[in-house]
2 protein chains.
Amino acid sequence: MSKQELVVLAQDDADGCCGRLGSAPLDEDQAGDLAKVFKALGDPVRLRLLSMIASRAGGEVCVCELTPAFELSQPTISHHLKLLRQAGLVDSERRGTWVYYRVLPAALERLAAVLTAPQAAEVNA
Amino acid sequence: MSKQELVVLAQDDADGCCGRLGSAPLDEDQAGDLAKVFKALGDPVRLRLLSMIASRAGGEVCVCELTPAFELSQPTISHHLKLLRQAGLVDSERRGTWVYYRVLPAALERLAAVLTAPQAAEVNA
DNA sequence: AGGTTGATTCGACGAACATCAATGCAACCG
DNA sequence: CGGTTGCATTGATGTTCGTCGAATCAACCT
């Protein structure tokens, strides 16, 4: 089920200091990978889906619970969930009849780290 | 120059607990506003532009320095900078002949906060 | 004023995207 | 087995987006 996720969220920051926006200009590859993830977040429906999954106590939400929360067709919701999966933000698991989605916290953390300023050299006040 | 920025990055978190993804499902408005910002980040060129601006020690970068860093036309770069501006991520100022861009750190911080998990109620291990 | 350089705006075009109806696949149940 | 329900995939369509060339605006400099 969790086939091809993006690597940018899984890498272990081996090269000293990753891809923080404020540390050094991103090269094309880093920017391309990161852009795919942010693009996945750049849709209201996907953001709501992600927040519905992330804010669930048990950590898991059934698709059967997500779909009726929107005034969109079932294939459309499925499509958005697929994009969130391919972005490496969530994972899914089938248990019997139903499919459950779960957030991959490491992905969100890494993304937040990218945005966190490394209080770069006195941002001249 | 800094005309219409999005409000989502400027609000002061008055309503108890903002729009953290893990706290509660986002409503349509929150999701819509946030999506605009993430959409602005969902392009490799804009990410590189933002990182070039953010990683600059002085905090400011001249457009004349950004444009030649890409194999794209000047209008295209200007367009991307405009989107970053409208997303409330950067601000620009004209000084004489040249225009300088600067990151709005609060915007990035707020965005990072949205992605930061509030270690919600025991993510059942 | 006229000319030059830096930057934004405009108009157009192809690519990518969000959406849906129809179909396909998987698991349950009689 | 055949029927039903839950979810994913396919194919098609209207919209948005990224890009460019051309035109425009802003500031400098004779």
Side-chain angles (χ1 to χ4, degrees), chain A residues 1-6 28 31-50 52-53 60-87 90-102, chain B residues 1-5 28 31-50 52-53 60-87 89-102:
Chain A
M1 211 50 161
S2 57
K3 296 178 181 177
Q4 57 210 25
E5 294 168 0
L6 286 177
E28 288 192 40
D33 290 346
L34 264 181
K36 289 176 189 165
V37 184
F38 282 123
K39 193 173 297 183
L41 293 175
D43 181 276
V45 175
R46 288 195 289 272
L47 272 182
R48 289 178 62 196
L49 283 170
L50 188 62
M52 289 177 70
I53 302 173
E60 285 184 342
V61 183
C62 176
V63 174
C64 63
E65 204 168 345
L66 295 172
T67 304
F70 298 83
E71 295 195 341
L72 292 171
S73 72
Q74 177 264 324
T76 298
I77 299 299
S78 186
H79 167 68
H80 284 303
L81 287 173
K82 180 182 185 179
L83 291 188
L84 287 176
R85 237 186 304 133
Q86 291 178 333
V90 303
D91 192 11
S92 66
E93 180 188 354
R94 171 160 223 138
R95 281 204 301 273
T97 305
W98 295 280
V99 176
Y100 296 87
Y101 275 75
R102 167 187 338 110
Chain B
M1 210 49 162
S2 54
K3 296 178 181 177
Q4 58 212 27
E5 294 167 2
E28 288 192 41
D33 290 347
L34 264 182
K36 289 177 190 165
V37 185
F38 281 123
K39 193 173 297 182
L41 293 175
D43 180 276
V45 175
R46 289 194 288 271
L47 272 182
R48 290 177 61 196
L49 282 170
L50 188 62
M52 290 177 69
I53 302 173
E60 285 184 342
V61 184
C62 176
V63 174
C64 63
E65 205 168 344
L66 294 172
T67 304
F70 299 84
E71 296 194 341
L72 293 171
S73 73
Q74 192 184 38
T76 298
I77 299 300
S78 187
H79 168 66
H80 285 303
L81 288 173
K82 181 181 185 179
L83 291 188
L84 287 175
R85 234 186 305 133
Q86 291 179 334
L89 293 167
V90 303
D91 192 11
S92 65
E93 179 189 355
R94 173 160 222 138
R95 282 204 299 274
T97 306
W98 295 280
V99 175
Y100 296 86
Y101 275 76
R102 165 188 344 107

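Throughout, protein chains are lettered first and strands after them, A, B, ... in sequence-line order, and every chain is numbered starting at 1.
- The minimum heavy-atom distance linking Met52(B) with Val61(B) is given by the pair O-CG2, 3.7 Å.
- Considering only side-chain N and O atoms, Arg94(A) lies nowhere under 4.0 angstrom from the phosphate OP1 or OP2 of dC25(C).
- Atom NZ of Lys36(A) is separated from atom CG of Leu41(A) by 15.0 Å, given to the nearest 0.5 angstrom.
- Atom-to-atom, CD of Glu65(B) to P of dT5(C) comes out at 20 Å; the value is rounded to the nearest Å.
- Distance from the side chain of Val99(A) is smallest for dC7(D) among the nucleotides dC7(D), dG6(C), dT8(C).
- Between Arg85(B) atom CZ and dA7(C) atom P there is a gap of 12 Å when expressed in whole angstrom units.
- One interatomic measurement links the two molecules: NZ of Lys82(B) to C1' of dA7(C), which rounds to 12 Å at whole-angstrom precision.
- In this structure, Leu66(A) reaches neither bases nor backbone, as no heavy-atom distance under 4.0 Å exists between it and the strands shown.
- In this structure the side chain of Leu81(B) reaches within 4.5 angstrom of the side chain of Ile53(B), judged on heavy atoms.
- Atom pair Arg95(B):CZ and dG6(C):P shows a separation of 17 Å (rounding to whole Å applied).
- The CG-P distance, from Leu41(B) to dC17(D), rounds to 14 Å in whole Å.
- Atom pair Glu93(A):CD and dG6(D):C1' shows a separation of 16 Å (rounding to whole Å applied).
- Regarding Trp98(B), its CH2 atom lies at a distance of 13 Å from the P atom of dA27(D), rounded to whole Å.
- Taking the side-chain contact (heavy atoms from CB on, under 4.5 Å) definition, one finds that Thr97(A) meets it with nothing, sequence neighbours left out.
- Checking Lys39(A) against Gly96(A), the closest nucleotide of DNA chain C that is more toward the 5' end is the one next to Lys39(A).
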For nucleotides 19-24 of chain C, which of its nitrogen or oxygen atoms have a protein nitrogen or oxygen under 3.5 Å away, and what is each distance?
from	atom 1	to	atom 2	distance (Å)
dT19(C)	OP2	His80(A)	NE2	2.3
dC20(C)	OP2	Ser73(A)	N	2.8
dC20(C)	OP2	Ser73(A)	OG	3.0
dC20(C)	OP2	Thr76(A)	OG1	2.7

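- Dashed line: the shortest gap from a side-chain N or O of Tyr101(A) to OP1 or OP2 of dA8(D) is under 4.0 Å.
- With sequence neighbours left out, Gln74(A) forms a side-chain contact (heavy atoms from CB on, under 4.5 Å) with Thr67(A), Ser78(A).
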Show the atom names and distances, to 0.1 Å, of all donor-acceptor pairs under 3.5 Å that link a side chain in residues 43-50 of chain A to residues at least two apart or in another chain.
from	atom 1	to	atom 2	distance (Å)
Asp43(A)	OD1	Val45(A)	N	2.8
Asp43(A)	OD1	Arg46(A)	N	3.2
Arg46(A)	NE	Ala40(A)	O	2.7
Arg46(A)	NH1	His80(A)	ND1	3.0
Arg46(A)	NH2	Lys39(A)	O	3.2

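- The salt bridge (Lys or Arg N to Asp or Glu O under 4.0 Å) analysis of residues 61-76 of chain B, with sequence neighbours excluded, yields the pairs Arg56(B)-Glu65(B).
- For the pair Phe38(A) CZ and dG18(D) P, the interatomic distance rounds to 15 Å; values are reported in whole Å.
- Looking at heavy-atom distances under 4.0 Å, Ser78(A) makes contact with a base.
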